[in-house]
Colleague: 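Submitted below is the structure of interest, expressed as structure tokens.
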Amino acid sequence: MECGSCLHGVGLGCLVCLLILALGTLFTSADTLPNEASALVGVASNWKNSPRNWLGDPCSSNWDGVKCSNSHITSITLSNLGISGILSEEIEVCQSWFIWNLSYNLDLNGPIPHSIGNLVKLQNLILVGCGFSGNIPAELGRLSSLSFLSLSSNHLRGPIPGALGNLSSVSWLDITDNMISGSIPVSDGTNLGLDMLTNCQHFHFGKNNLSGPIPPSLFHSEMKLLHVILDNNHLSGSIPTTLGLVGTLEAVRLDGNELSGNVPPNLNNLTRLVDLRLSNNQLTGPLPNPTGMDGLTYLDMSNNSFDESEVPAWFSTSPSLTTIILENLSISGQIPTSLFNYSLLQTARLRNNRFNGTLDLGDQISSQLSLVDLQHNNIQKINTGNYSQELILVDNPYCEEGESVSKYCTIPQQSSDTMYSTPPPNCRNSLCPLDQDMDSHCSCSCPFRGTIYFLLQNFSDINNPSHYFSLETSLYNGCLEYQVPVSSVSVLNPYINNDHYLQIDLKFFPARKVYFDESEVFLISSLFNNRNFTVPHEFGLYSFRGKQYIFQGTVTGSKSKKVPPVIGATVGVIVILSAIICLHILHKKRKAKEAASRFQFSGLWNLSTSSSSIPQLTGPRIFSFEEIRKCTKNFLEENCIGSGAYGKVYRGVLADGQVVAVKRAQQGSAQGNQEFKTEIEMLSRVHHKNLVNLVGLCIDHNERIVVYEYVPNGTLRESLSGKSGTRLDWKRRLRVAHGAASGLAYLHELADPPIIHRDIKSNNILLGHRLNAKVSDFGLSRTLFDDTKRYTTTQVKGTVGYLDPEYYMTQQLTAKSDVFSFGVLLLELVTARKPLEEGQYVVRQVKDAIDKQKNLCNLDEILDPTIATVNALPGLESFIDLAMKCVEEASRDRPSMSEVVKEIENIMQVADVNSTAESGPTSAGKSGEDLEYSSDPFSPRTES
Ligand SMILES: *[C@@H]1O[C@H](CO)[C@@H](O)[C@H](O)[C@H]1NC(C)=O
Ligand SMILES: *[C@@H]1O[C@H](CO)[C@@H](O)[C@H](O)[C@H]1NC(C)=O
Ligand SMILES: *[C@@H]1O[C@H](CO)[C@@H](O)[C@H](O)[C@H]1NC(C)=O
Ligand SMILES: *[C@@H]1O[C@H](CO)[C@@H](O)[C@H](O)[C@H]1NC(C)=O
Ligand SMILES: CC(=O)N[C@H]1CO[C@H](CO)[C@@H](O)[C@@H]1O
């Protein structure tokens, strides 16, 4: 069985995270203190499948996942290794350990040993997604340094020990998804209780069997709680008034319990609340009023027994809501139009009430609104304005009064294919070996799979792909940031599960190889467990469960080395490493593999489909800072080939002789960081001979360095200004225009999803060996996801002079904005002037002067003298026409980029016919087609 088993995995995926983190960060090569070594060996002797390099001395032999300081073992991290067995009482000897993160070991079972209470230095204890059973040991209360305790997703039973109230430094307390029962313990003079946890920010107790009332003394004004998550238990009684005293609260989930009585009115004091869910209880009294919660985005109070009520006034005064869910609540009256005008509203689920009169959505409907569900109400008339998304009015008088044919009067089919999944890449060959999947670069590999659960999220249009695209991007960027070699991340099947959590499957594809190795899978899991991945702002608290991954030997260039699976088929262990540990291990591994990876690098180039396009890079290469420094001769000033606000570009020669351009961002610009990420993300998705090719990147030492193919003839701007000495005759200018247009047409029409470059200008068009144009600098690029083909930006970006005025005014970015900039570029090609020069705007100048009856269209004053010396420039008139169409004021009047490409091809034909006699002022002669402009001895391989 190859990695096929990674497809099936074990339900929960078992991942043991055993992380013990030292205060010190030094690695030493000294031998481990004998008692600690034997304790670890003793602990591991109860396991099957400990890491395969656990031989010899833990510290001096650098055991995978083990970190030492001064001969003390201080940290252990093991992920998805398939460790099974128990945690023995012997762990008490490991007193030097500061942190244990033991997670996702489905088959690491049995009780949590009582002796764990002796590990008094422990700061983090993470036993997530394992098979632990029995009670939560009260001895945990002795771990006075503990700041992070997570026991979620095990089979733990029994009560929450009041002794946990002793954990005065704990900030994260998570027992979600177990079978914990009994009531929530509070202190009473003799016993400890959770009300004493004044430093705790997170009470995550959802999905258990907790019962009894929520004790009023649990909450008081000294608490610093951000999240109180008690959903899906059997809690009863009323919501304590004291909850309103915890002014720090941002999220409260009490849904899915048996709570009754009135909702205390002082919850309005919780002005920082973003997410409030009280649904599925038996709450009574007046409908709660969220006035005062000015940042509230998600409100769900459905399925309670509140008093009948008229439409409350706050419907018209809660502009921050994205989601309002009030189902089965006997609310009557006409819904105020203003509810639908809040610009953030996405979902209004209001079924089964008594809303009546006219449903008037008005004509300023929130552009985000995608669902209005008013089934089973008393609506008689509607005015839907320009609303085109889902509106459900089944079971309203409106539908009975002859309007039954209206599209709003049938329940829309919820087909599963509305579920998002990362679009499949457009590959020539979509067949992978049975055990593998295709990543977004058309390479087959065995992905690490898992499921992410969002306990909170502040949107409800869960079929809106933009959320998932940004999730993909942020996870991918997170991997880059932490040096996990992934080629792409896929997102599949988001849905709201039975616990009302948003659940999404993820796939991480290894870069440049078929299988991940252990440390990489540990690292991904640990980044989730440590919450290092930043998810887009609309997603909130998450938990992640990795599926078991069956490791294989890394497939090397020769494909000869096949390491047998070390992991039993049913077990997985993940040990989580702290950042430092993870990076260290990766670093070590990378060193060891350096020679091999060099070799593999040549194997990265796929034979491309047409001989004219350059080979495809299947994934960016990660460089160490050392390599970069070497290849640029320590950033020698002589090697600097460009500079700007972002930093400098250097020419460099890699160890294998490839010449590259190395762009090094200036330290400390936050904006640069975003652009760096965007550029990497975009460039690693596109491959075209007219787009600059990404070779790799370096993020060591806080650097942000992008390595591109070296494009020898500088920028188009430099050529036009005469600075580079590269002279461009008319025919060459046509070819440059054609190349740049083809690159852009590819971005707009073939890249999937489409990409808008947003910063087309002569400085960003590079000229290759044969003066072939290459579009570069994707730092401002944007991807278009939805069918509207628009992207609303909050901040207009681009370069003055090239900026589309329509985009500038509406903030709606479309592909036609690039077409505008391209039109300006065409004018620049014939005039050699910058678009804005001495207060003159080239578009206006040409418009004013143009007269087709006259020679050179009456533009001889403006045309670049180096080409205008010829009496007739064949095709000039069509060229100017095309440019003017591109800079039309209204974007709908501009051609698409593929139309532009075609038109330039027509012009080139005309030019060629007439050009036989004309060799132009340059000395180049011949057809120009195969002209080598420079004979750079370091010509990049990719060009040959
Ligand atoms: C509470 O913590 C202290 C150390 O801070 C410890 O001595 C004591 O035994 C703990 N109490 C319980 C009930 O765990
Ligand atoms: C909280 O609410 C109560 C009752 O609604 C009110 O009397 C009190 O002043 C509020 N406290 C604060 C701090 O706003
Ligand atoms: C809507 O319901 C309210 C309260 O039940 C009632 O007073 C009002 O007349 C109704 N309006 C219409 C148009 O039926
Ligand atoms: C992840 O986050 C934790 C806690 O914020 C931090 O201590 C750790 O260094 C981070 N890990 C990495 C790999 O940066
Ligand atoms: C999930 C979790 O808390 N992991 C912890 C593992 O240990 C390191 C070291 O302190 C922590 O930073 C992580 O937060």
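Whatever order the structure lists ligands and atoms in, that order sets their numbers, starting from 1. In what follows, every heavy atom counts, from backbone to side chain, and hydrogens, waters and symmetry copies are set aside.
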Colleague: May I ask whether Glu310 places a heavy atom under 4.0 Å from ligand 3?
Modeller: yes
Colleague: Is there a donor-acceptor contact under 3.5 Å linking the side chains of Ser302 and Ser279?
Modeller: no
Colleague: Please could you name the atoms of ligand 1 that Leu192 approaches to less than 4.0 Å, counting only its heavy atoms?
Modeller: 13 (C)
Colleague: For atom 13 (C) of ligand 3, find the nearest protein heavy atom and state the residue, atom name and distance (0.1 Å precision).
Modeller: Gly357 CA, 3.9 Å
Colleague: Could you list which atoms of ligand 1 come closer than 4.0 Å to a heavy atom of Gly141?
Modeller: 1 (C), 2 (O), 14 (O)
Colleague: Can you tell me which residue and heavy atom of the protein come closest to atom 5 (O) of ligand 1, and the distance to 0.1 Å?
Modeller: Ser144 CB, 3.5 Å
Colleague: Minimum distance, heavy atoms only, to atom 1 (C) of ligand 1: which one of Leu164, Leu140, Asn166 is it?
Modeller: Asn166
Colleague: Could you tell me how the ring of His202 sits relative to the ring of His204: parallel (under 30°), tilted (30 to 60°) or perpendicular (over 60°)?
Modeller: perpendicular
Colleague: Given the protein's heavy atoms, is any one of them under 4.0 Å from atom 9 (O) of ligand 3?
Modeller: no
Colleague: Does some non-hydrogen atom of Val120 fall short of 4.0 Å from ligand 1?
Modeller: no
Colleague: Is any NZ, NE, NH1 or NH2 atom of the basic residue among Arg253 and Asp300 found under 4.0 Å from an Asp or Glu carboxylate oxygen of the other?
Modeller: no
Colleague: Determine, for Asp373 against Arg349, whether the closest basic-nitrogen to carboxylate-oxygen distance falls under 4.0 angstrom.
Modeller: no
Colleague: What atoms of ligand 1 come closer than 4.0 angstrom to any heavy atom of Arg142?
Modeller: 14 (O)
Colleague: Please list the nearest protein heavy atom to atom 2 (O) of ligand 3 with its residue and the distance rounded to 0.1 Å.
Modeller: Asn356 ND2, 2.1 Å
Colleague: Please identify which of these residues, Thr384, Val372, Asp363, meets the side-chain contact (heavy atoms from CB on, under 4.5 Å) condition with Phe340.
Modeller: Val372
Colleague: So, taking the atom named CG in Leu339 and the one named CD1 in Ile365, what distance separates them when rounded to the nearest 0.5 Å?
Modeller: 11.5 Å
Colleague: When rounded to the nearest 0.5 angstrom, what is the spacing between CG in Leu192 and OG in Ser187?
Modeller: 7.5 Å
